[in-house]
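What follows is a short report on a single structure.
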Amino acid sequence: MAKKVIIAEKPSVAKEFAKALKINAVNKNGYMESSDYIVTWCVGHLVTMSYPEKYDEKMKYWNLSTLPFIPKEFKYEVIDNVKKQFDIVSNILNREDVDLIYVCTDSGREGEYIYRLVDEMAGSPKKEKRRVWIDSQTEEAILNGIKEAKLLDEYNSLSDAAYLRAKEDYLIGINFSRLLSLLYAKRLAKTMGEERAVISIGRVMTCVLGLIVNRENEIRNFKKVNFYKIQGDFFKSEENVFKGDFKVTNTSSVYDSIKLYNDTGFKEKQDAQDFIEYLSKNKIGKIENITKKKSKENPPLLFNLAEVQNECTKNFKISPDETLQIIQNLYEKKLVTYPRTDARVLSSAVAKVISKNLNGLAKMKINDEIDKIIDKMVKEKYSIKLEKTKYVDDSKITDHYAIIPTGQGKENIDKLTSLEKEVYFLIVKRFLAIFYPPAIYNRISITIDISGEKFFTNAKVCEELGYLEIYKNDKKVEKEDTEEKDNKDDDQILTNSDILANLRKNDVINIKGFNIKTGETTPPKRYSSGSMILAMENAGKLIEDEELREQIKGSGIGTSATRAEIIKKLEKIDYIATNKKTQILTPTKRGESVYEIVSNTMPDLLNPELTASWEKGLTMVAQKEISADEFMKKLEEYIRNKVVKFKKSRNQYLYGY
């Protein structure tokens, strides 16, 4: 009787498939088998690209004459320490009694690559192969994934992109690491006081190093500038004093004055003092304008991996890599959906059945806080129809929708560590927030005229908490949100807002006095590991060329699956350091030395523009907008031209030809 094979990325996932399919299997060495199924697994990557010396023995020795190194056919080999499991998998795939293979590795580019390499090294068995693509590991999702599994060939363009990504990293790393090491490693070794050194170059890694060093240089070169603002104290009745800030308008006596630092302050304190003396001749002012309006603040979009990594860095001071490991664990315990996603919205199909997730959460009785949030939704009859909201958009989803709780896996909650629970609750709250109404603010803006000089005051009062009620007990999140809103809106959230509410246009008000407030410019903040993940995701925004920025919109540096690993690798090779308490990133002496070498020789490797455009190209291959051959041709040309040009300029310098 013919058997079906289930091949997953790791043993724990394979067991979940066996459980969901109710396969009564016998445990064997590296697989499980029943009368109908064989369930087996990889352990991450089983196959890797071969080192250059496997192509030619002389490539074992680093020499300029061997560059550029661009093989016509790429070689692969089984990784030594997992050869036993590869042999087990290979034998299973080639068994005569197997007629159908379900590919159940992670539903993404890297998961596709893991299986395709195994399939290739196993001799591409002539079996029917179907791809299981799921967003969570719940029983329902697994069963539906098996039922809806498409022929593996339908994912060939994704496979092409996966192979190309690996080839690109391989070729750039080998060619440019060897090239720069051969020419500049002695300089680096001397700087570091070492006998020898190697310069490591990576397509994404070098660009990220550039962002961190550039930010550090901005901070070092920053020169603080003080400027002097003027604030007035005003009242209609003496017990009700409120403040207003001076701002230059075209009616001001100092309009366009060279004494101004900006439209809110003076360069010199004495000039500010002189202006106060000028203003002090007036004893009254007039309310020239007053506006009152309500504003809504909608719940934020759902979490993708980058957003939740940044949030966890801010709130829990953990690295993006640790966050990914935690959410991967939550995923494998059926508690949340697939973590390696760039989308912050849901698909229309998921939105139609979102009540399953909500009902599941309600039945789980997670804790008192979450239960109260859900109870209020039910009591207030908040709508759960999301289809026409900003939280649903099929056009913004590539492989997977946003990370949300599944409403399942209750049996695993008690197995979580306290930190894992915190991260899980963070995801649950962000999900529940989208069903809550917006926060409602009353905003009051007042303009005071004093003989043509204008003072302004703003107040923002929260009338209805709306979705913010979910976070009212969450001090860390509340503090972060408040700081961001204060900086963004520059509003005074005043306890004496009633004072402003009682003022009317054309009211005459008394002037109590003026004072000087010293302002100062501040340097840019260093990246934290979390904010770097966001910077990598939004690399397009770092590009100055507007046309190119629009062209690569949606492409970042690296992918959601690889960004945390890039930061980890930079730390491992001593190019950057991470403060474990704050997660702040700084370049090391070695990292800055390598940056200087790259900046003077191959500066485009430091440019987000290049890295993001390559990533855009890979996306276009996956979406069948360009062919794999077209991408590969451009890659080979880039590397060949770079190396040849570099060697030629060196020869001209050394030998005159």
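As the structure is a prediction and not an experimental result, all values here were calculated from the model. Below, all heavy atoms of this structure are taken into account, side chains as well, without hydrogens, waters or symmetry copies. Counting from 1, the numbers follow the sequence of the chain as shown.
Side-chain contact check for Glu307 versus Leu534: some heavy-atom pair is nearer than 4.5 Å. When side chains are defined from C-beta on, Tyr575 does not count as touching Tyr595, because their heavy atoms never get closer than 4.5 Å. Counting heavy atoms from C-beta outward, Val82 and Phe86 have side chains that stay 4.5 Å or more apart. Residues Leu164 and Glu168 are not in side-chain contact: their nearest non-hydrogen atoms beyond the backbone lie 4.5 Å or more apart. Inter-residue side-chain proximity for Phe646 and Leu180 is flagged as met; some heavy-atom pair is nearer than 4.5 Å. Side-chain contact check for Trp614 versus Leu635: some heavy-atom pair is nearer than 4.5 Å.
For the pair Gln137 and Ile142, the tightest heavy-atom approach, listed with the atom from each and the gap, is O-CD1, 3.6 Å. The two residues Pro608 and Ile557 come nearest to each other via the heavy atoms CB-CD1, 4.0 Å. When all heavy atoms of Pro71 and Tyr55 are compared, the pair lying nearest together is CB-CE2, 3.5 Å.
For the pair Arg130 and Tyr102, the cation-pi test (distance below 6.0 Å, angle within 45°) is failed.
Among residues at least two apart or in separate chains, salt bridge (charged side-chain N to carboxylate O under 4.0 Å, His left out) pairs with a member in residues 157-166 are Glu110-Arg165, Arg165-Asp169.
Contacts of Ser124 classified as side chain to side chain donor-acceptor pair (under 3.5 Å), with partners at least two apart in sequence or in another chain: none.
Ring geometry for Tyr113 against Tyr163 counts as perpendicular: the plane angle is over 60°, on a 0 to 90° scale with 30° as the lower cut.
Considering Ile597, Ile199, Leu64, Thr601 as possible partners of Leu183, the one that fulfils the side chain to side chain contact (heavy atoms under 4.5 Å, CB included) test is Leu64. Each of Val208, Val204, Asp604, Leu605 was evaluated against Thr611; a single residue qualifies, Val204, per the side chain to side chain contact (heavy atoms under 4.5 Å, CB included) test.
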